[in-house]
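Residue numbers begin at 1 in each chain, while the letters A, B, ... track the order of the sequences.
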Amino acid sequence: MNISHLNPQQQYAIRTVDGPLLVLAGAGSGKTTVITHRIAWMLHQNIKAENILAVTFTNKAAREMKERIAKLTSSKIRRKLNIGTFHAFGCKILRFNIRHLGYSQKFGIADEGDQIGLIKQVAQDMGLDKQDHEISFLQSGISNAKNNLQSPEEVRDSGDLSWFKTLAVVYDRYQNLLQSMDLVDFDDLLYLPIRLWRENEEILDRHQLQFRYILVDEYQDTNRLQAEMIRLLAGKNLNICVVGDDDQSIYGWRGAEIKNILNFPDRFIGTQITRLEQNYRSTNTILKAANAVIKYNKDRHNKTLWSDSGHGETVKIITADNETHETKIVVDLLKNSRFETKNSYENMAVLFRSNFQSRLFEIALRKAQIPYRLIGSRSFYERREIRDALAYLKIIHREKDDLSLLRILNVPTRGIGDKTVDKMKLYREQTGKHFLRFIDLTDFLSLLNDSAQEKIKKFMTCYRLALDQFSQNQNLAENIKGYLEKIGYIDGLKKIYKNNDDYESRFENVMELINSAVLLSQNSTEKITLQDFLESYSLAEDPAQTHKKDKTENHGVSLMTVHTAKGTEFPVVIVVGLEQNLFPHERSLADQQIEEERRLFYVAVTRAKTHLFLTRAKTRVKYNTKNHTYPSQFISELPDDAVEFSTLNELFKPAEADDVDAILAQMRKRFA
DNA sequence: GATTTTTTAGTTTTT
DNA sequence: CTAAAAAATC
């Protein structure tokens, strides 16, 4: 295997397979190349694919790694490699071992909506005052506790404040509720494997043996649970390589601990360290801009990124009158860049700080007929009709899933209201049984009046019929479709969404959901089960979108948040909304999180290879009022000789006669 | 118990 | 302004 085209530091990182290794990799320093080549190198050294574990932080990064490794290995070996996010890995561990913790193997994953619903229910049952105990506070309290590996008892004893006592009770009840329905939340996907390993030495031994070679990407973003997972797994083998860059730590708000990377050599004795400082991505002008901004941060290791890819264009800063004007400027920039820099739309990205900003750009790009794809968005999954349809599917997979049953019991309206549900809950409490186990037994039905009895019976008959339907077919997508039709949800859509346009788009979405099952099967060599399908919706960013993308060659312009953009690169990058209180976000200013915000801006800037544009709007509408904005402080932190303030007219000079001739000639050739 | 009207709160970033 | 929750009405 030849790696001589790589620089000495990179080669060292690839060759040092045994023992702990820390790779400090600056932006664009060929980090993913190192990781993928390292994996290929290990395989070349006859290390078995199934003994290699590579974990990342985001779906995007995991996908990138898989795609890049595809170019270096055969698909047969590739399939045996363990590559994925921490959460997906945790899920896999639990799938085979969770019975040791008192859950069923069929466990499901509670998303944020489920979480909030459950906590609300608990708070209500306890009679907590909503003003004093905000749900979001309780939610983050529970999450923090899990991230600190605390049990409810430990939370109770962790402080004198009465709030901790209340939180401990909520936490305890919430966890019991989850477990009774065989549900785990996102934190559990990390927390439970650690518990499993701590409580079962043989299992830990087995996993240590299996995952003998560990690679962690974006190590600066790991939180306490993730670091602990890695520490436990690395065990005595210590064949662990972590890669990261403290300047790109942007997940502090989610509990990421920068000290994980800083203290790595102390935690793992004998750690080898290598630094990747040569940047292969950007022009020196872009690097100069990035370096200058990040220098304002005090809490960092000094690094000097350098590149030999020339000076390049200056960074252009363009000011729009308002946010609509900004989208127009972006559209013009994209069109013009395609012409001037000969880049296709796939090579361009629009980056924003917050998700809500994407909407206006989508509208503008659609109108301008520029192909685009929205990356990392969960908006499809969050649509009501999709969550309803998934709830219908969840109750077949796990009949214990009371949460999903309640969600769809009266969707479309079946005349089953609060009163009946209250009785169901009471009965559940008294007998400890799950809804689907008792709601059409006479023992329970006798508690209801005649009309309510009829309605429940009718629903259950319908459900059983639909359930039969599900095993009719070999094909998952066909089964899903048949089931949703039989149970009356497809027809019900018309009843639920009376506005015809609304109905049609919701119907389309449900069809898309079914179609994503087809695509999932197509992209996999193994048979896809309902469990796989549901899991893909819980853990992946947007299965419907992701799978679709594989089929079409032309993806168009990428729209995404700066957070999702980490690890990517594009020749042309436009960072929008560079206004104080938007980027940097107002809350980060209040909480003194400005350094993390600056790192975020650093990430945004370093995505660009050759052309970087920064835009802002002079006014922006917020809560229905037009507000004046101030330019982002990051703009003033850029060095004068690397940037240029431009207007559209200055940027877009009329085409030279020669160019026009060339284009016309090209067109003629195409038609000839 | 279902449906419509009124009130209120709400925008970081991801798994 | 919009979506969701609460209140009022059917």
(request) Establish, from distance only, whether the side-chain atoms of A:Gln220 and A:Gln248 form a donor-acceptor pair under 3.5 Å. (result) no
(request) Check whether any side-chain nitrogen or oxygen of A:Asn223 sits under 4.0 Å from OP1 or OP2 of B:dT14, and answer yes or no. (result) no
(request) Could you state the atom-to-atom distance from CD of A:Glu579 to C1' of B:dT12 in whole Å? (result) 15 Å
(request) Output the single nucleotide from B:dA2, B:dT15, B:dT12 whose closest atom is nearest the side chain of A:Asn410. (result) B:dA2
(request) Could you tell me whether A:Tyr503 atom OH has more than 12 heavy atoms of other residues or ligands within 6.0 Å of it? (result) yes
(request) Starting from P on B:dT15, measure out to CG on A:Asp114 and report it in whole angstrom. (result) 17 Å
(request) Have a look at A:Glu597 and tell me which of A:His585, A:Arg353, A:Gln633, A:Arg587 forms a side chain to side chain donor-acceptor pair (under 3.5 Å) with it. (result) A:Arg353
(request) Report yes if a side-chain nitrogen or oxygen of A:Arg254 is closer than 4.0 Å to either non-bridging phosphate oxygen (OP1 or OP2) of B:dT14; otherwise report no. (result) no
(request) Using the closest heavy atom to pick a nucleotide of DNA chain B for each, name whichever of A:Thr85 or A:Glu586 lands nearer the 5' end. (result) A:Glu586
(request) Compare the ring of A:Phe57 with the six-membered ring in the base of B:dT15 and state whether they stack (centres under 5.5 Å, planes under 30°). (result) no
(message) Counting only side-chain heavy atoms from C-beta out, which of B:dT15, B:dT13, C:dA5 sits nearest to A:Lys120?
(response) C:dA5
(message) Between A:Arg599 and A:Glu596 (salt bridge meaning N to carboxylate O under 4.0 Å), is one present in this structure?
(response) yes
(message) For a quick check of understanding: with a heavy-atom distance under 4.0 Å over all strands, which category does A:Tyr251 fall into, base, sugar-phosphate or nothing?
(response) sugar-phosphate
(request) Answer yes when A:Glu595 and A:Arg300 have at least one side-chain N-carboxylate O distance shorter than 4.0 Å, and no when they do not. (result) no
(message) Please confirm whether the shortest side-chain N or O distance from A:Asn355 to OP1 or OP2 of B:dT13 is below 4.0 Å.
(response) yes
(message) Less than 4.0 angstrom from a charged side-chain N to a carboxylate O is my criterion; do A:Glu64 and A:Arg68 meet it?
(response) yes
(message) Contact list please: residues 558-566 of chain A against DNA chain B, heavy atoms, distance less than 4.0 Å, in numerical order.
(response) A:Thr561, A:His563, A:Thr564
(message) Does B:dT14 have OP1 or OP2 under 4.0 Å away from a side-chain N or O of A:Lys60?
(response) no
Dump the pairs, protein N or O against N or O of nucleotides 3-5 of chain B, anything under 3.5 Å, distances to one decimal.
none

(message) Under 3.5 Å, is there any donor-acceptor pair linking the side chain of A:Arg353 to the base of B:dT13?
(response) yes
(message) Between the side chains of A:Asp114 and A:Arg387, is the shortest nitrogen-to-carboxylate-oxygen separation below 4.0 Å, so that they form an ion pair?
(response) yes
(message) Expressed as a whole number of angstroms, how long is the span from A:Arg224:CZ to B:dT15:P?
(response) 23 Å
(message) Taking the basic N atoms (NZ, or NE/NH1/NH2) and the acidic carboxylate oxygens, is any pair closer than 4.0 Å for A:Lys60 and A:Glu218?
(response) no
(request) Starting at the 5' end of DNA chain B, write a dot or bracket for each base, bracketing those in Watson-Crick or G-U wobble pairs whose two distances are under 3.5 Å and using | for partners on another strand. (result) ||||||||||.....
(message) From C-beta outward on A:Arg587, which listed nucleotide comes closest to its side chain: B:dT15, C:dA5, B:dT12?
(response) B:dT12
(request) Take atom CG of A:Asp217 and atom P of B:dT15, then tell me their distance rounded to the nearest Å. (result) 14 Å
(request) Please check if atom CZ in A:Arg95 has more than 12 non-hydrogen atoms from other residues, nucleotides or ligands closer than 6.0 Å. (result) yes
(request) Would you tell me if any nitrogen or oxygen in the side chain of A:Asn59 comes within less than 4.0 Å of OP1 or OP2 on B:dT14? (result) no
(message) Do A:Lys92 and A:Asn82 pair up side chain to side chain, a donor and an acceptor below 3.5 Å, judged on atom types alone?
(response) yes
(message) Taking the nucleotide of DNA chain B with the nearest heavy atom to each, does A:Ala452 or A:Glu597 sit closer to the 5' end?
(response) A:Ala452
